[in-house]
Amino acid sequence: MNIGGRRAVLGAVMVVAVIGSGLALTGCQETPTAAAGAARSSASEEVAGMAQAAPRPGAACVFVKPDGAQRFGHVGWGFRVTGTDRWVYGAVENPSGKLYTPPGGDIGAWHAEGSYSRMLSEMSRDAHYPGGKSAHPYSRYRCTPSSTSDVPAARSMIRTVEARGFLVGVDPKTGKLTSRDCLDATYDVLKAYRTRPLTPAAKLSVPNVWVETLVGWSDRTLTPR
């Protein structure tokens with residue numbers, strides 16, 4: 001989610017909306033407890049071994065650009081094609097920085113499919129960023145095995161998020177304050193995949209805040225490869 005200078009003002013509204021929704025957050029990044037650290041380590045080990053796992057369970061990842069969108073963060077997604085060593089991954093990049101793009105407009109949406117290692121390589125290099133390289137590359141990723149999965153539903157949701165436009169603010173059709181941004185796309189795709197566990201993402205949530213709520217997910221640095 002790449003937002004222009006007006007995001008600095010809207011950002012304050014977003015933070016208030018997130019706090020007001022009852023998340024009770026004290027900052028953009030929480031301090032992991034020992035138990036949370038152990039859970040992340042365990043999840044990380046499981047995901048790292050999935051290339052050799054049989055019968056290859058479901059799994060999902062969230063990729064993060066912490067400095068994106070005026071430092072509110074930007075996210076992309078990935079999920080495993082159950083029963084295979086293939087992954088589907090993508091994002092809504094919104095390279096124009098506009099707060100609103102109508103349905104069918106160019107929002108820099110993309111998706112690709114490949115092995116787990118190829119996914120990490122391409123995400124780390126912003127290989128699919130529209131029109132060139134992003135100023136803020138993906139530098140972090142969190143993954144989890146999933147006890148359930150629905151690949152056809154996730155693929156269908158990809159088509160939906162790529163066609164529904166982009167919005168952070170007041171919807172010109174309904175007059176309501178809402179969003180259809182990078183986080184909404186990531187969450188909707190992973191929800192359609194039936195990712196378990198997956199923390200709900202309220203409209204206008206701050207990506208960097210939501211990422212910290214993924215309890216039990218692995219947490220790793222992503223470097224160009």
Side-chain angles (χ1 to χ4, degrees), residues 1 14-15 17-19 21-50 53 57-69 71-80 82 87-93 111 116 119-120 123-124 136-151 153-154 157-158 161 179-223:
M1 175 176 57
M14 291 174 62
V15 173
V18 172
I19 295 176
S21 67
L23 293 181
L25 297 165
T26 57
C28 288
Q29 295 196 11
E30 60 188 23
T31 301
T33 63
R40 289 180 179 180
S41 177
S42 175
S44 180
E45 291 171 1
E46 288 185 63
V47 172
M50 281 194 291
C61 294
V62 171
F63 295 89
V64 190
K65 297 181 179 182
D67 294 334
R71 297 187 180 277
F72 285 100
H74 167 88
V75 290
W77 44 264
F79 61 82
R80 185 173 193 164
T82 316
W87 288 70
V88 180
Y89 46 100
V92 170
E93 305 287 357
H111 68 276
Y116 182 69
M119 175 177 69
L120 297 186
M123 295 301 282
S124 72
H136 302 287
Y138 292 98
S139 58
R140 180 186 182 192
Y141 67 108
R142 304 195 64 181
C143 299
T144 184
S146 178
S147 59
T148 56
S149 61
D150 190 335
V151 175
M157 183 55 69
I158 290 173
V161 302
S179 60
R180 293 188 291 273
D181 59 12
C182 67
L183 175 52
D184 295 308
T186 296
Y187 175 72
D188 288 347
V189 169
L190 296 186
K191 181 182 179 182
Y193 181 73
R194 298 180 63 206
T195 304
R196 300 289 187 277
L198 180 66
T199 306
K203 294 296 183 180
L204 295 171
S205 293
V206 176
N208 278 342
V209 174
W210 177 77
V211 166
E212 300 304 326
T213 70
L214 298 175
V215 178
W217 290 48
S218 66
D219 195 349
R220 291 187 173 184
T221 299
L222 185 64
T223 55

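Everything quoted here is computed from the prediction, not taken from an experiment. For the numbers below, each heavy atom of this structure counts, side chains included, while hydrogens, waters and symmetry mates do not.
- Atoms OG1 and CG, on Thr144 and Leu198 in that order, are 9.5 Å from each other to the nearest 0.5 Å.
- With sequence neighbours excluded, the residues that form a side chain to side chain contact (heavy atoms under 4.5 Å, CB included) with Ser179 are Asp181, Asp184, Lys203, Leu204.
- To the nearest 0.5 Å, atom CH2 of residue Trp77 and atom CE of residue Met123 are 8.5 Å apart.
- At a cut-off of 3.5 Å, with distance as the only test, no side-chain donor of Ser146 or Thr195 sits close to an acceptor on the other residue.
- Interatomic distance, CD of Glu212 versus CG of Asp219, reported as 7.0 Å (0.5 Å rounding).
- For Arg194, the side chain to side chain contact (heavy atoms under 4.5 Å, CB included) partners at least two apart in sequence or on another chain are Thr148, Asp150, Arg196.
- When all heavy atoms are compared, the tightest approach of Tyr116 to Cys143 is OH-SG, 4.2 Å.
- Atom OH of Tyr187 sits about 8.5 Å away from atom CH2 of Trp210, to the nearest 0.5 Å.
- Between the side chain of Arg142 and the main chain of Trp217, a donor-acceptor pair closer than 3.5 Å is present.
- Across all non-hydrogen atoms, the minimal contact from Ala91 to Gly76 is CB-CA, 3.9 Å.
- Of all heavy-atom pairs spanning Arg140 and Leu222, the tightest one is N-CB, 3.7 Å.
- With contacts defined as side-chain heavy-atom distances shorter than 4.5 Å, the pair Val88/Ile158 qualifies.
- Considering every non-hydrogen atom in both Val75 and Tyr138, the closest pair reads C-CE2, 4.3 Å.
- Of the possible polar contacts, one joining the Ser124 side chain to the Leu120 backbone as a donor-acceptor pair under 3.5 Å is found.
- Side-chain contact check for Thr186 versus Asp188: every heavy-atom pair is 4.5 Å or farther apart.
- Shown here for Cys182 and Pro207, the closest heavy-atom pair between the two residues is SG-CG, 4.3 Å.
- Using modelled atom types, no side-chain atom of Tyr141 and backbone atom of Ser218 make a donor-acceptor pair closer than 3.5 Å.
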Side chains of residues 58-65: which donor-acceptor pairs under 3.5 Å do they make with residues two or more places apart or in other chains?
| unit_1 | atom_1 | unit_2 | atom_2 | d |
| --- | --- | --- | --- | --- |
| Lys65 | NZ | Glu93 | OE1 | 3.4 |
| Lys65 | NZ | Asp126 | OD1 | 3.2 |
| Lys65 | NZ | Ser134 | OG | 3.2 |

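- A distance of 8.5 Å separates CZ of Phe79 from NE2 of His111, quoted to the nearest 0.5 Å.
- Listed for the Thr213 side chain is no donor-acceptor partner under 3.5 Å among the backbone atoms of Thr199.
- Judged by distance alone, the side chain of Ser205 and the main-chain N or O of Ala201 form no donor-acceptor pair under 3.5 Å.
- Note that the OH atom of Tyr89 and the CZ atom of Arg80 stand 14.5 Å from one another [nearest 0.5 Å].
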